[in-house]
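Each remark here refers to the structure printed beneath this line.
Naming convention: chains lettered A, B, ... in sequence-line order (proteins, then strands); numbering from 1 in each chain.
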Amino acid sequence: MVLKCRHVWDHISGYIDGALDPEVRANVERHLATCEICSAILDSTRNIIILMADDRVFELPVDFSKRLHARLDDVLKHEYPEPA
Amino acid sequence: MTATETLGADAQNSSEAALIAAILAGDREKFHILILPYESQLFRTAFALVKNAEEAEDVVQDAVLKAYRKLGSFRGDAKFSTWLIAITLNEARGRLRKENRTIVDSLDEQREENADFTPAALTDWNEIPLALLERKEIRELVQQAVAELPDTYREIVTLRDVEECSVLDTAHLLGISSALVKVRLHRARMLLQKRLAPQLNRAIKASSKSTSDRPRKRSLFRRTPWF
Ligand SMILES: [Zn+2]
């Protein structure tokens with residue numbers, strides 16, 4: 001089956017996650033092999049996902065961890081976890 | 001998930017179970033170690049909802065204290081990380097409710113249908129060298145684009161793509177079906193691609209003129225084995 005670009009776009013996210021049925025996946029791949037536009041959409045989406053997962057993008061505030069553990073310390077010294 | 005990753009996750013689960021048992025038996029200090037791997041994940045969850053770093057930090061602190069107090073009610077059938085994220089989501093939502101800033105839980109159907117999920121058709125996409133992330137401007141483009149997504153999409157993308165939760169865990173955390181997670185995730189990613197890809201392309205082109213770090217066409221994902 002020959003897919004149109006628009007149909008391929010519907011599967012970009014599923015393709016990246018490896019969540020497509022084998023048949024759909026094969027059709028998408030066949031289209032990607034010859035379509036520059038869809039390949040660029042796939043690549044750019046994939047790149048954006050890689051960027052979002054990079055720790056440098058959503059950095060913690062300075063001393064976040066220090067403040068968290070200091071506050072925790074206060075509680076740990078005085079309290080036990082509640083009985084289940 | 002590969003076999004090694006599965007083994008790694010199993011090892012982590014069992015050492016976590018041991019830590020939890022020790023804490024509940026009175027070795028309270030170990031709670032510091034228990035939460036250490038999840039701090040940044042919790043911050044990102046909180047930030048996705050309250051959209052303010054200071055407030056997100058308060059949310060995480062409250063959530064972590066709550067997790068400590070309720071540790072005895074943690075059941076090993078869920079992952080500890082998912083349990084922590086769920087508590088953090090609740091804290092953040094509670095805070096938004098108090099301030100009458102509610103998250104739009106279900107998108108307006110009509111609006112969702114009419115929104116344009118067509119990606120940006122670029123003919124000349126340039127691979128992004130990860131080194132470019134050293135530049136604040138590039139990081140800010142990504143942050144901005146995520147921050148400006150509609151609430152429901154920002155939640156999904158934060159859990160799935162920033163924190164890399166599984167589809168199943170994300171569905172569980174948000175109380176929606178896996179099918180809906182996939183649909184919303186797809187739309188969120190297309191909205192991001194539409195807005196961000198042209199911006200990134202421009203930024204990369206501008207930088208490749210001035211530095212020797214020339215972007216390569218579509219080479220990154222060949223070198224990255226995780227896809
Ligand atoms: Zn195409």
**Prompt:** Looking at B/Glu54, B/Glu140, B/Glu163, B/Glu134, which one has more heavy-atom pairs under 4.5 Å with chain A than the rest?
**Reply:** B/Glu134

**Residues, nucleotides or ligands: over 12 heavy atoms within 6.0 Å of B/His172 NE2** = no

**Message:** Nearest 0.5 angstrom please: A/Asp43 CG to B/Glu127 CD, how far?
**Reply:** 6.0 Å

**chain A contacts, top residue of B/Glu57, B/Glu39, B/His32, B/Arg139 (heavy-atom pairs, under 4.5 Å)** = B/His32

**Asked** Where does B/Asp27 contact chain A at under 4.5 Å (heavy atoms): side chain, backbone, both or neither?
**Response** neither

**Item:** Contacting region of B/Gln61 [heavy-atom separation from chain A under 4.5 Å]
**Value:** both

**Asked** Given that the side chain runs from C-beta out, which part of B/Glu29 has a heavy atom under 4.5 Å from chain A: side chain, backbone, both or neither?
**Response** both

**Item:** Which of B/Leu71, B/Thr158, B/Leu65 touches chain A most, by non-hydrogen pairs under 4.5 Å
**Value:** B/Leu65

**Asked** From A/Ser13 OG over to B/Arg184 CZ, what is the distance, rounded to the nearest 0.5 angstrom?
**Response** 14.0 Å

**Request:** Would you mind reporting whether B/Leu141 and A/Leu51 have side-chain heavy atoms less than 4.5 Å apart?
**Result:** no

**Complete:** Pair count under 4.5 Å, heavy atoms only, with chain B: among A/Ile12, A/Ile37, A/Asp73, highest is A/Asp73

**Request:** Heavy atoms only: give me the nearest B/Thr118-A/Arg6 pair and the separation to one decimal.
**Result:** OG1-NH2, 3.9 Å

**Item:** Over all atoms of both residues, closest heavy-atom pair of B/Ala197 and A/Ile48
**Value:** N-CD1, 4.0 Å

**Message:** Please identify, among B/Tyr68, B/Phe31, B/Phe43, the residue contributing the most non-hydrogen atom pairs under 4.5 Å to chain A.
**Reply:** B/Tyr68

**Request:** Ignoring hydrogens and angles, state whether a donor on the side chain of B/Gln193 or A/Thr45 is under 3.5 Å from an acceptor on the partner side chain.
**Result:** no

**Request:** Report yes if some heavy atom in the side chain of A/Ile49 is under 4.5 Å from a heavy atom in the side chain of B/Arg160; otherwise report no.
**Result:** no

**Message:** Using heavy-atom distances under 4.5 Å, tell me whether B/Ala188 contacts chain A through its side chain, its backbone, both, or neither.
**Reply:** neither

**Fill in**
The interface call for B/Arg69 against chain A, heavy-atom contacts under 4.5 Å, is both

**Asked** When rounded to the nearest 0.5 angstrom, what distance separates OG in A/Ser65 from CG in B/Leu36?
**Response** 6.0 Å

**Fill in**
Whatever's closer than 4.5 Å to a heavy atom in chain A on B/Val167 counts as neither

**Message:** Nearest 0.5 angstrom please: A/Asp54 CG to B/Ile138 CD1, how far?
**Reply:** 12.0 Å

**Selection from B/Leu185, B/Val162, B/Asn201 maximising heavy-atom pairs under 4.5 Å formed with chain A** = B/Val162

**Asked** CZ of B/Arg189 to CZ of A/Arg46: how many Å apart, nearest 0.5 Å?
**Response** 10.5 Å

**Message:** I need the residue from B/Ser73, B/Gly26, B/Ala56, B/Pro119 with the largest number of non-hydrogen atom pairs under 4.5 Å to chain A.
**Reply:** B/Pro119

**Request:** Quick one: pull up CD1 in A/Ile50 and CG in B/Asp161 and give me the separation to the nearest 0.5 Å.
**Result:** 11.0 Å

**Prompt:** Is there a donor-acceptor contact under 3.5 Å from the side chain of B/Arg28 to the main chain of A/Glu79?
**Reply:** yes

**Request:** Establish, from distance only, whether the side-chain atoms of B/His186 and A/Asp10 form a donor-acceptor pair under 3.5 Å.
**Result:** no

**Prompt:** Does the side chain of B/Val146 reach to within under 4.5 Å of the side chain of A/Val57, using non-hydrogen atoms?
**Reply:** no

**Request:** Output yes when A/Asp17 and B/Lys182 qualify as a salt bridge under the 4.0 Å nitrogen-oxygen rule, no when they do not.
**Result:** no

**Message:** Would you say the ring centers of A/Phe58 and B/Phe47 fall short of 6.0 Å from each other?
**Reply:** no

**Item:** B/Leu122 to A/Ala40 - nearest heavy-atom pair and separation
**Value:** O-CB, 3.0 Å

**Item:** Salt-bridge contact A/Arg71-B/Asp62 (side-chain N to carboxylate O under 4.0 Å)
**Value:** yes

**Request:** Identify the two heavy atoms, one from A/Ile41 and one from B/Ala120, that lie closest to each other, and give their separation to 0.1 Å.
**Result:** CG1-O, 3.5 Å

